[in-house]
2 protein chains.
Amino acid sequence: MSGRITIQRVAELADVSKATVSRVLNGYPHVRPEVREKVQRVIRETGYQPNNIARLLASDRSSIIGFVISSSAQMVFHDPYFPALTEAVSDAAGDRGLIMALFMSHADGQGQKTVNSILAAGLFDGLILTADANGASIFPQQLAPDLPVVFIGRPSHADGFHYVDADNVQGGYLATSHLIDLGHRRIATIGSNRNASGEDRVTGYRRALSQRGLAFDERLVAFGDYSLESGYAGMQTLLPYKPEAVFVASDTMALGALRALREAGLRAPDDIALVSHDDLPPAVQADPPLTTVQQPIARTGQLAVQKLERIIVQGGKAPVENTILPVKLIVRESCGAVESL
Amino acid sequence: MSGRITIQRVAELADVSKATVSRVLNGYPHVRPEVREKVQRVIRETGYQPNNIARLLASDRSSIIGFVISSSAQMVFHDPYFPALTEAVSDAAGDRGLIMALFMSHADGQGQKTVNSILAAGLFDGLILTADANGASIFPQQLAPDLPVVFIGRPSHADGFHYVDADNVQGGYLATSHLIDLGHRRIATIGSNRNASGEDRVTGYRRALSQRGLAFDERLVAFGDYSLESGYAGMQTLLPYKPEAVFVASDTMALGALRALREAGLRAPDDIALVSHDDLPPAVQADPPLTTVQQPIARTGQLAVQKLERIIVQGGKAPVENTILPVKLIVRESCGAVESL
DNA sequence: AGAGTGAGTGAAACCGGTTTCAGAACGGTG
DNA sequence: CACCGTTCTGAAACCGGTTTCACTCACTCT
């Protein structure tokens with residue numbers, strides 16, 4: 001940052017005041033066209049770049065938003081959901097001229113420290129938080145009461161927060177209904193009680209069952225943590241109870257479930273029909289390709305950023321309103337509705 | 001940021017000057033213990049948090065580093081390498097009190113814009129760049145000549161940059177040698193010419209062959225782009241030439257290769273032995289589990305951050321020195337060295 | 001007793017922008 | 001021609017810290 005050109009220097013070269021340069025920079029009116037022109041030329045010729053730090057200090061906005069993934073390292077590794085979501089948020093932020101700072105807060109004490117340092121920084125215009133899946137709550141409000149915050153995924157521990165989420169209940173409902181439509185009756189599920197999304201999907205599953213007059217059987221419900229391993233284990237738990245079909249609450253867990261089937265000498269969809277959730281790339285690549293509920297991840301990220309921006313602009317206190325995005329069933333081969341090759 | 005407590009306010013309450021508060025804050029000497037005590041008490045009682053923005057402006061350091069993943073969205077999605085690396089960098093940054101801003105720069109024009117905005121920000125103490133895999137070079141130097149930059153992965157387009165990389169040549173060498181040791185002679189490779197790492201791995205492959213007196217056969221070399229699909233296609237290209245063994249330059253491509261084998265009615269390692277590269281989680285989960293070259297990703301991230309920090313502290317001009325990290329062969333089942341279950 | 005020495009402190013300058021405010025220049029009215 | 005309302009502009013205050021510099025005040029050392 002040594003010999004950088006400052007607004008002062010530009011002002012001198014263009015023979016105007018700092019104030020005028022600032023006005024040109026920010027596109028304010030009340031600058032004579034020829035002056036504006038001249039300043040712009042100097043800016044171009046010198047390659048002047050305003051120092052954002054100074055700008056921030058003066059204007060009390062940083063244009064930086066924090067994106068906090070509060071989940072175990074395990075999951076971030078294993079489930080493409082997080083990379084996809086991260087990219088979505090990053091893109092949306094970029095589109096709106098915001099800089100995204102990413103934080104992966106681990107379950108351990110480190111996590112708390114990270115969040116504290118985030119807030120202490122006083123550096124962010126706002127935060128996007130993922131509803132955590134491990135019970136360790138992150139509650140920045142308690143520390144910085146008027147920092148704008150938007151959750152992605154319904155936060156399970158409290159109300160009163162802005163959030164954007166996919167319609168997980170509908171997801172579970174669609175998946176399960178589809179299996180019922182295909183004539184299955186003993187329908188199991190591998191869900192998750194690690195976060196609200198998981199719970200909601202199971203809720204949808206139960207709703208579909210009851211609506212179609214099928215009994216809910218505890219033994220046909222397994223819980224995982226979204227990891228491939230937990231899907232594998234979940235399916236092994238279910239197999240003794242001979243389900244005809246299974247709704248698995250994530251693609252990644254479905255991959256694990258498929259492996260369990262394979263090892264048991266069974267095949268989907270012939271022996272057991274499978275529908276999963278998320279529609280991430282592995283769903284297509286799986287063998288057989290997974291029928292799955294598509295979650296609009298990119299859109300989720302976009303909306304979260306937009307919502308956050310709106311809150312920021314409105315100075316923190318916007319009425320809490322949540323956005324639930326529709327989901328859609330993508331039929332592939334694992335459910336048996338289509339002839340596999 | 002409305003009614004926040006400022007250093008001025010703290011100074012008044014503690015009945016000292018701003019300068020003294022600042023000294024206490026930054027742990028400078030030459031403050032009487034009792035005064036220090038008093039200031040600290042006021043800080044504690046008021047819950048004062050220094051405004052970093054102001055601090056940055058005054059001290060010309062932001063403690064924010066940019067981490068730029070310049071790769072197609074595709075790859076970031078498909079290859080767990082990037083999430084793993086991101087986490088490594090994020091952790092390392094956090095450990096050293098730095099904030100990491102993540103940028104995913106796409107191949108399209110957007111990418112350039114992003115990078116420009118990064119630099120324009122004048123906000124970062126330094127940048128960590130991933131050596132890009134799509135030819136679209138990112139050359140911040142050209143714009144901000146003394147911004148500290150460290151690459152992860154040898155940048156293939158130019159010299160004179162600090163970088164940290166795994167010993168990819170050695171990786172290819174180890175993998176191929178292992179296959180030779182197992183008695184194979186017709187050894188193919190699915191490499192990549194999308195970046196230096198890919199090239200280096202192929203170099204290692206060739207070195208192993210020539211060192212053991214085996215001829216290099218062009219037809220036994222396929223190139224991919226690290227995606228699962230390209231591994232699949234690569235293997236299909238190779239199959240007509242009947243390789244006994246294949247060194248695949250990434251786990252993700254190896255998964256694709258495995259699928260191609262399966263579809264061709266072949267099994268690894270019985271029909272074709274496979275060794276891959278990276279040792280990411282999917283390597284263990286694959287069927288059969290992959291023998292693969294372990295890349296020290298976490299260490300890579302750490303070193304990159306450390307190196308960057310050193311450059312920053314030394315004020316930009318540190319002698320360029322690169323770090324090549326050793327790799328290690330992890331033997332599992334896909335190579336046939338171990339009895340599979 | 002007078003001269004150094006170094007610890008402890010505050011006033012003020014500074015970082016590089018934005019924003020307020022007042023004044024100059026200009027055109028249109030009465 | 002005096003008066004007023006715009007438009008355009010610059011000086012200066014301000015954002016909230018850090019850092020420099022000068023000064024005071026013990027406390028040694030001749």
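Order of the sequence lines fixes the chain letters, A, B, ..., with proteins taken first and strands second; residue numbering starts at 1 for each chain.
- If you measure from atom CD of B:Q8 to atom P of D:dC15, you get 10 Å, rounded to the nearest angstrom.
- Residue B:R23 places none of its side-chain N or O atoms closer than 4.0 Å to OP1 or OP2 of C:dT9.
- When each of C:dT18, C:dG10, D:dG17 is scored by its nearest atom to the side-chain atoms of B:K18, the top-ranked nucleotide is D:dG17.
- Using modelled atom types, no side-chain atom of B:N26 and backbone atom of B:Y28 make a donor-acceptor pair closer than 3.5 Å.
- Taking only side-chain nitrogens and oxygens, A:R55 comes nearer than 4.0 Å to OP1 or OP2 of C:dT18.
- Relative to the side chain of A:P50, the nucleotides C:dT18, C:dG17, D:dT19 differ in distance, and C:dG17 lies closest.
- In this structure, A:N26 and B:V16 both approach DNA chain C, and ranking their closest nucleotides by distance from the 5' end singles out B:V16.
- Taking only side-chain atoms of B:H30, from C-beta outward, the nucleotide of D:dG16, C:dG16, C:dG8 with the closest atom is C:dG8.
- In this structure, of C:dC15, D:dT9, C:dG10, it is C:dC15 that holds the atom nearest to the side chain of B:A58.
- Put simply, the side chain of A:T130 gets close to the backbone of A:V68: a donor and an acceptor are under 3.5 Å apart.
- Comparing C:dG16, C:dG8, C:dT19 by their nearest atom to the side chain of A:A19 picks out C:dT19.
- For the pair B:E12 CD and C:dG10 C1', the interatomic distance rounds to 14 Å; values are reported in whole Å.
- The nearest whole Å value for the distance from the CG atom in B:D15 to the P atom in C:dT9 is 12 Å.
- Atom-to-atom, CD1 of A:I53 to C1' of D:dC15 comes out at 13 Å; the value is rounded to the nearest Å.
- Checking the phosphate oxygens (OP1, OP2) of D:dG10, a side-chain nitrogen or oxygen of A:S17 falls inside 4.0 Å.
- Taking side-chain N and O atoms only, B:Y28 has no distance below 4.0 Å to OP1 or OP2 of C:dG8.
- Side-chain proximity of A:L57 to D:dG17, C:dG16, C:dG10: nearest is C:dG16.
- Among the nucleotides D:dG16, C:dT18, D:dT9, the one closest to the side chain of A:V35 is D:dT9.
- Ion pairing between a basic and an acidic side chain is recognised when a charged N comes within 4.0 Å of a carboxylate O; B:R41 and B:E45 show such pairing.
- A:R9 contributes no side-chain N or O that forms a donor-acceptor pair with the base of C:dG16 under 3.5 Å.
- In this structure the side chain of B:L129 never reaches within 4.5 angstrom of the side chain of B:V150, judged on heavy atoms.
- Of the possible donor and acceptor atoms, none in the side chain of B:K18 sits under 3.5 Å from a partner among the backbone N and O of B:V10.
- No side-chain heavy atom of B:I64 sits under 4.5 Å from any side-chain heavy atom of B:L98.
- The distance between atom NZ of A:K38 and atom C1' of D:dC8, rounded to the nearest whole Å, is 14 Å.
- Across all strands shown, B:V21 has no heavy atoms under 4.0 Å from either base or sugar-phosphate atoms.
- Checking C:dT9, C:dG10, C:dG16 against the side-chain heavy atoms of A:N51 singles out C:dG16 as nearest.
- When rounded to the nearest whole Å, the span between CD of A:E34 and P of D:dT7 equals 16 Å.
- Taking side-chain N and O atoms only, A:S22 has no distance below 4.0 Å to OP1 or OP2 of C:dG17.
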